[in-house]
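Reading through the structure tokens given below for one structure.
Sequence positions, counted from 1, serve as the residue numbers for this chain. The structure presented is a predicted model; accordingly, all values stated were derived computationally and were not measured.
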Amino acid sequence: MKKNYSAFILAALVIPATGLLAQGRGGGRAGGGGRPGGASVQPGGARPGGGAFNPGQPGGARPGGGAFNPGQPGGARPGGGAFNPGGPVPGERRLGGAVVIPGGRPGVRPLDPPQPPPPPTGGPVVVTPEFFDPLLPGYGSYGYRHGRVIVVPPSVIVTEPDVVQQEVVTETETVTTPVPAVEVKTEEKTAVAAAPVKAGDFQLVLLEDDSEDATPAVCYKAGEEMKFTFSVNKLAQNPVEGKLFLKWKRSGDDGKVEQGRTEISAGQALTLATSIDRPGFVRIEASLEDEAGHDLKSKFDGGAGAEIEKLTQAVPEPEDFDAYWTKQKEQLAAVAATPELKKIKAKQDGFDAYEVKIPCAGPRPVTGYLVIPSGAEAKSLPAKVHFQAYGVRDQAVPDGVPGMVYFDVNAHGIELSRPKSYYDGIRAQLGHYAYNNEENKTPDTSYFRYMAARVIRAFDFVKTVSAWNGKDLGVIGYSQGGLQAAWAAGLVPEITHAEIGMPWCSDVGCAKAGRQRGTCPDYQPGLDYFDPVNHIKRAPATCLVDIVRAGLGDYVAQPSGVAVLFNNAPGKKRVIYYQNCAHAEPNALSTPVVMRTEDWPEPDEK
């Protein structure tokens with residue numbers, strides 16, 4: 001079967017819109033409540049020029065739109081997605097199997113008649129192909145088309161699951177077993193050409209199984225063999241000589257770690273076969289080297305999952321979790337939420353922009369940029385709040401989003417539009433914030449306490465903006481911003497759509513269940529109050545939880561934590577896992593696998 005890849009299109013709902021803050025609401029109800037690359041490389045080589053999707057664009061970027069927009073905090077595009085395609089692509093284009101549809105009504109055009117998913121029978125159901133569009137009215141999201149969709153039944157939320165009794169794996173511990181976890185299988189090699197090999201001459205690719213009965217990367221059974229078949233494409237135009245080697249490492253949520261180095265040649269297929277005997281993920285890291293061990297700058301970082309719908313959080317939530325957050329909201333309500341707004345020049349014509357400062361509990365206020373279409377009428381527009389990734393930065397004025405109230409919030413409540421020396425000083429002052437083990441022993445001393453308060457207060461403010469329609473309220477964030485977006489979904493009852501990417505600190509105590517951890521702070525009891533897997537349980541059933549990016553090679557926000565977050569979400573939900581993707585935008589060789597509930601809305605649903 002021919003592989004179908006993802007296509008992204010920008011959907012902008014333009015609505016005439018006047019006014020800024022709603023009359024009579026004062027300071028708000030205090031205390032209230034990419035474009036993925038999709039190249040498939042077949043045995044025998046990829047497309048001319050190296051097999052990467054659109055090789056002349058950095059990072060496999062879409063023609064006409066430029067690469068991923070690094071200027072947006074957290075890698076997020078204001079108002080609707082993780083990627084900035086730079087506007088509609090003129091005319092329909094077929095790129096590597098994808099259909100890119102120009103402007104107009106957002107949606108996707110199937111190449112084949114859609115097939116309705118069969119009803120779930122208690123476990124995941126693979127549907128291929130599947131056609132859908134995640135658009136929500138006014139959210140300016142993107143349309144997707146994938147060749148692998150896994151439909152899962154609604155989850156039953158366990159508020160206090162038992163701790164899984166497994167061996168704890170430390171960062172320095174390597175567990176070996178008498179039987180190798182990885183079996184290396186090679187096919188007959190092809191002859192190499194002649195002249196010295198160097199970085200850039202070859203490209204390592206994962207060959208995908210396009211057969212009807214192929215198992216998606218996140219749908220293996222415990223104990224089932226997982227295969228990773230690699231090939232090498234020759235990119236050099238001139239003949240080259242010298243041996244190539246695949247350096248690989250296998251690790252997993254079973255504690256097993258193995259590594260090796262195997263000779264490979266251009267055009268040769270080499271398969272790493274492994275398995276995992278419990279629900280969890282396996283990680284495969286691979287790279288090309290020359291005979292002397294020099295890195296040839298072509299890498300793979302991905303993996304696979306087994307019975308991931310059975311994963312539960314490693315540490316039960318605190319018994320006083322709800323009581324704690326009720327108290328935090330009461331303390332926040334005692335602080336008047338009167339905003340200060342300073343009008344500034346917007347980046348685009350047709351928009352009004354403001355620097356915003358709002359008093360908040362804790363040492364700093366909420367600060368950020370508000371951008372609204374000029375002339376927006378009262379109660380006419382949806383609203384979305386964006387939260388930033390980890391770090392301290394000079395926050396730029398964001399792009400305006402047509403038909404959208406958009407608030408871009410600073411992670412730390414620091415001042416805006418200051419000289420570089422100011423941000424350097426804040427960066428030095430905060431250091432590696434949130435990583436202090438002593439502070440994280442209790443929630444009241446954790447750095448996250450007042451960051452979460454600023455998340456709540458940001459929505460207190462947005463709900464007073466007169467152009468907000470009073471019903472469509474979204475949140476978006478990636479990495480640390482994904483953590484904050486999950487907080488918002490659980491702490492702000494009016495939220496209708498949570499767009500979460502690479503959520504940091506999910507299942508922060510995962511090592512207690514023997515699973516691989518990300519680069520989150522060391523587990524301390526105070527962090528349980530900020531673990532997004534606890535907050536997402538409290539998202540309204542009417543809130544669509546859209547985990548738009550999860551890398552199978554992402555061990556900043558480890559995939560097991562993302563799976564627990566998805567499993568704990570109570571309502572309509574979706575997660576998109578990317579093969580060969582770490583904690584970054586999917587690259588030209590990343591391929592997606594989607595899991596969603598059977599009630600995920602169709603494009604025309606309101």
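The CG atom of Leu332 sits 11.5 Å away from the CZ atom of Arg454 when rounded to the nearest 0.5 Å. Note: Arg418 CZ to Ile426 CD1 = 8.5 Å, rounded to the nearest 0.5 Å.
By the 4.5 Å heavy-atom criterion applied to side chains, Val455 and Phe387 are counted as neighbours. Inter-residue side-chain proximity for Arg457 and Val335 is flagged as met; some heavy-atom pair is nearer than 4.5 Å. Contact annotation: the side chain of Leu370 never approaches that of Tyr406 to less than 4.5 Å [non-hydrogen atoms, C-beta and beyond]. No side-chain heavy atom of Pro382 sits under 4.5 Å from any side-chain heavy atom of Val405. For the pair Tyr578 and Val593, the minimum side-chain heavy-atom distance is 4.5 Å or more. Side-chain contact between Val397 and Ile344 is present, with at least one heavy-atom pair separated by less than 4.5 Å. Taking the side chain as every heavy atom from C-beta outward, Phe351 and Pro402 approach each other to under 4.5 Å. Within the 4.5 Å cutoff, no side-chain heavy atoms of His386 are placed close to those of Pro398.
At distances below 3.5 Å, not a single donor-acceptor pair connects side-chain atoms of Asp424 with backbone N or O atoms of Arg427. Under a 3.5 Å cut-off, the side chain of Gln348 and the backbone N or O of Gly400 do form a donor-acceptor pair. A donor-acceptor distance shorter than 3.5 angstrom exists from the side chain of Asn567 to the backbone of Ile308, with no hydrogens or angles considered. In this structure a side-chain-to-backbone donor-acceptor pair under 3.5 Å is missing from Ser506 to Val562. Judged by distance alone, the side chain of Asn534 and the main-chain N or O of Asp507 form no donor-acceptor pair under 3.5 Å. With hydrogens and angles ignored, the 3.5 Å screen pairs a side-chain donor or acceptor of Lys329 with a backbone N or O of Leu491.
Tyr433 pairs by the ring pair (Phe, Tyr, Trp, His ring centres under 6.0 Å) definition with Tyr390, His412, Tyr447, not counting sequence neighbours. For Tyr555, there are no ring pair (Phe, Tyr, Trp, His ring centres under 6.0 Å) partners, not counting sequence neighbours. With sequence neighbours excluded, the residues satisfying side chain to side chain contact (heavy atoms under 4.5 Å, CB included) with Asp322 are Arg538.
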Exercise. Is there a side-chain contact (heavy atoms from CB on, under 4.5 Å) between Tyr422 and Glu415 once you walk through the steps?
Worked result: CA-CA 9 Å; Tyr422 169 80; Glu415 296 182 30; 3.5 Å; yes
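A salt bridge does not link Lys573 to Asp546: none of the charged side-chain nitrogens sits closer than 4.0 Å to a carboxylate oxygen. Using a 4.0 Å cut-off between charged nitrogen and carboxylate oxygen, Glu499 and Lys384 count as a salt-bridge pair.
The six-membered or imidazole ring of Phe448 lies near that of Trp487, with a centre-to-centre distance under 6.0 Å. Between His583 and Trp504, the distance from one ring center to the other does not fall under 6.0 angstrom. The ring of Phe407 has its center no closer than 6.0 angstrom to the ring center of Trp468.
A donor-acceptor contact under 3.5 angstrom links the side chains of Ser417 and Tyr369, judged on distance only.
The two atoms that bring Ala458 and Val409 nearest to each other are CB-CG2, 3.9 Å, heavy atoms only.
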